[in-house]
Structure formats: structure tokens, C-alpha cells
Amino acid sequence: MIFPIIAYGDSVLRKVGEEITKDYPNLTQLIADMFDTMERSKGVGLAAPQINKAIRLFIIDSQKMYDEGDKETGLREVFINPTIIEETGKIWAYEEGCLSIPGIREDVYRHEKIKLEYYDQNFKKHTKEFSGMTARVIQHEYDHIEGKLFVDHLKPLRRSLLKGKLEKISKGIVSVDYKMKFPK
Ligand code: CO
């Protein structure tokens, strides 16, 4: 099943997600549906609040952000109840976008490396370090389950310049080739 993507302006995107247990209803199917939804919209990550569920679950597939011959290959993974333990390395900028905020891409500064504690889809616990693009995608999706969006990282002036565009997105005045749910 493909979920509609919740658009900017919906309050679910501002909620801090709740932790889930392995008994969460239809978790396996939910994760499969999230991958289908992410692939249909050509995303590299999708967080549960973006499909109207304020829980601490997100998926990523950073493989397409790497080229053949690159040192790293990217990662397709499920993250449940994650905690960022540390963020290290240099701070670098990259032009990010978000399925909930179509048509806007802006430079966001983030740390190069993160250490994360999380559970996978089988509720096996991991403590791992990630770097580069994969770390960036994880940081972006992690923000979602904390009720944060990439535009929150922008300087106030930059953000106020985007105000009109963001307002339009929340009203559905935007061209997008995947299904979305607009709050207004
Ligand atoms: Co996003």
C-alpha cells in the first residue's frame, strides 16, 4: 500500500514521536508499505510522521546517493526507537529536500559523523557509526521523529523568504507527482 505523504503545515510533523514495542500492530507490513511509499516518491528516506504516525520509526535508502566506484555504497535500513549518541566530525553543507516540502531545496549544515543506538525491524539492538550521505539522511529523518524539519535549520532571513512557498505547500498549491495529504 502506498501512503499519501503528509505535507508541510500538518501538526503531525511537529509531534515528538513515541517509542514503539515489537507488538506494534502490523509492523512488518507497515515497514514494507513505507518502503513502497518512499520508492514511489523517489525519496531516500521516510519517517513515520510523514505518513501520519507520530512514532519513532524511519527508513532510509541512501544507496542512490552514491555513485559506482565510491568508497561507500550507502545503506538500506530500518531504524526503530533510535537515539543519536554523538555527532562528530566537520560540519558540512548539502542542499536537502523533503518529501513533505516539495519544490524547496536548501543548504543545511550538519555534522559529518553520528553514533546511533537503534533497533532494526527484528528488534535487534545496534550501536553504530555512520558518516557522509548516510549520516546526513539519518540526521534528516531523525529530525522528523523529533518534530523537526530541515527548514528549521535555516537562518531566520532565509526562512522568512520561503514563508510564502511553505504556505502554498500547506494549501496544496504545489506541483508534485506523488500522492500527498495537505492540511489546509
Ligand atoms: Co524529510
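The shortest distance between side-chain heavy atoms of His140 and Tyr94 does not fall below 4.5 Å. Inter-residue side-chain proximity for Leu57 and Val78 is flagged as met; some heavy-atom pair is nearer than 4.5 Å. Counting only heavy atoms from C-beta outward, the side chains of Val151 and Tyr8 approach each other to under 4.5 Å. Between Ile80 and Leu27 the shortest side-chain heavy-atom distance falls below 4.5 Å. Two residues are said to be in side-chain contact when any heavy atoms from C-beta on lie closer than 4.5 Å; Phe58 and Pro82 meet this criterion. Considering only heavy atoms from C-beta on, Met34 stays 4.5 Å or farther from Gln50 through its side chain. Counting heavy atoms from C-beta on, the side chains of Tyr118 and Lys128 come closer than 4.5 Å. The closest side-chain heavy-atom distance from Val108 to Gln139 is not below 4.5 Å.
Taking each heavy atom of Thr134 and Ser62 in turn, the nearest pair found is OG1-OG, 2.8 Å. Among all heavy-atom pairs drawn from Ile55 and Ala48, the shortest one is CG1-CB, 3.5 Å. In terms of heavy-atom proximity, Phe123 sits nearest to Asn81 at CE2-ND2, 4.1 Å. Shown here for Trp92 and His111, the closest heavy-atom pair between the two residues is NE1-O, 3.9 Å. The nearest pair of heavy atoms linking Arg136 to Ala93 is NH2-C, 3.7 Å. Heavy atoms only, all atoms of each residue included: Pro183 and Ser170 are closest at CD-O, 3.2 Å.
In this structure, Lys179 places its NZ atom where only 12 or fewer heavy-atom neighbours from other residues, nucleotides or ligands lie under 6.0 Å away. Heavy atoms of other residues, nucleotides or ligands lying less than 6.0 angstrom from CG of Asn26 number 12 at most.
With rounding to the nearest 0.5 angstrom, the CD1 atom of Ile101 is 6.5 Å from the CG atom of Leu166. With rounding to the nearest 0.5 angstrom, the CZ atom of Arg158 is 9.5 Å from the CG atom of Asp107. Taking CD1 from Ile5 and NZ from Lys181, the interatomic distance works out to 12.5 Å, rounded to the nearest 0.5 Å. Here the OH atom belonging to Tyr178 is positioned 13.0 Å from the CD1 atom belonging to Ile2, to the nearest 0.5 angstrom. For the atom pair Lys115 NZ and Thr83 OG1, the distance stands at 13.0 Å (nearest 0.5 Å). Of the inter-residue distances, the one linking Asp10 atom CG with Phe182 atom CZ reads 11.0 Å to the nearest 0.5 angstrom.
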Worked verdict on Arg110 versus Glu87 for side chain to side chain contact (heavy atoms under 4.5 Å, CB included): CA-CA 9 Å; Arg110 297 190 191 272; Glu87 295 183 290; 6.0 Å; no

Side chain to side chain contact (heavy atoms under 4.5 Å, CB included) between Arg56 and Glu146, worked out: CA-CA 8 Å; Arg56 299 184 77 76; Glu146 291 289 321; 2.7 Å; yes

Glu86 and Lys113: CA distance, side-chain angles, deciding distance, side chain to side chain contact (heavy atoms under 4.5 Å, CB included) verdict: CA-CA 8 Å; Glu86 57 179 30; Lys113 292 178 187 162; over 6 Å; no

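Linking Ile, Leu, Val, Met, Phe, Trp and Tyr whenever their side-chain heavy atoms come within less than 4.5 Å puts Leu154 and Ile169 in one cluster. Hydrophobic clustering keeps Tyr142 apart from Leu149 (ILVMFWY residues linked when any side-chain heavy atoms are closer than 4.5 Å, directly or through intermediates). Neither Ile145 nor Ile59 shares a network with the other; the hydrophobic side chains, linked directly or stepwise wherever heavy atoms of I, L, V, M, F, W or Y lie under 4.5 Å apart, form separate groups for each. In terms of hydrophobic clustering, with Ile, Leu, Val, Met, Phe, Trp and Tyr side chains grouped at heavy-atom distances under 4.5 Å, Leu30 and Ile60 are assigned to different clusters. Residues Val176 and Leu99 share a single hydrophobic cluster, defined by chaining ILVMFWY side chains whose heavy atoms lie under 4.5 Å apart.
Judged by distance alone, with hydrogens and angles left aside, the side-chain atoms of Asp61 form a donor-acceptor pair with the main-chain N or O of Gln63 at under 3.5 Å.
Ion pair Arg14/Asp152 flagged as a salt bridge, since at least one NZ, NE, NH1 or NH2 atom sits closer than 4.0 Å to an Asp/Glu carboxylate oxygen. Salt-bridge formation is not detected for the pair Glu18/Lys53: no Lys NZ or Arg NE/NH1/NH2 atom is positioned less than 4.0 Å from an Asp or Glu carboxylate oxygen. Comment: Arg159 does not engage Glu106 in a salt bridge, judged by the lack of any side-chain N to carboxylate O separation of less than 4.0 angstrom. Salt bridge present: Lys171 and Glu167 bring a charged side-chain N and a carboxylate O closer than 4.0 Å.
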Could you tabulate the donor-acceptor pairs under 3.5 Å formed by side-chain atoms of residues 37-46, not counting sequence neighbours?
| residue | atom | partner | partner atom | Å |
| --- | --- | --- | --- | --- |
| Thr37 | OG1 | Phe3 | N | 3.0 |
| Thr37 | OG1 | Asp33 | O | 2.8 |
| Glu39 | OE2 | Arg76 | NH1 | 2.7 |
| Ser41 | OG | Thr37 | O | 2.8 |
| Ser41 | OG | Met38 | O | 3.2 |

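Taking the six-membered ring where the residue is Trp, Phe79 and Phe130 present perpendicular rings, their angle passing 60° and hence far from 30°.
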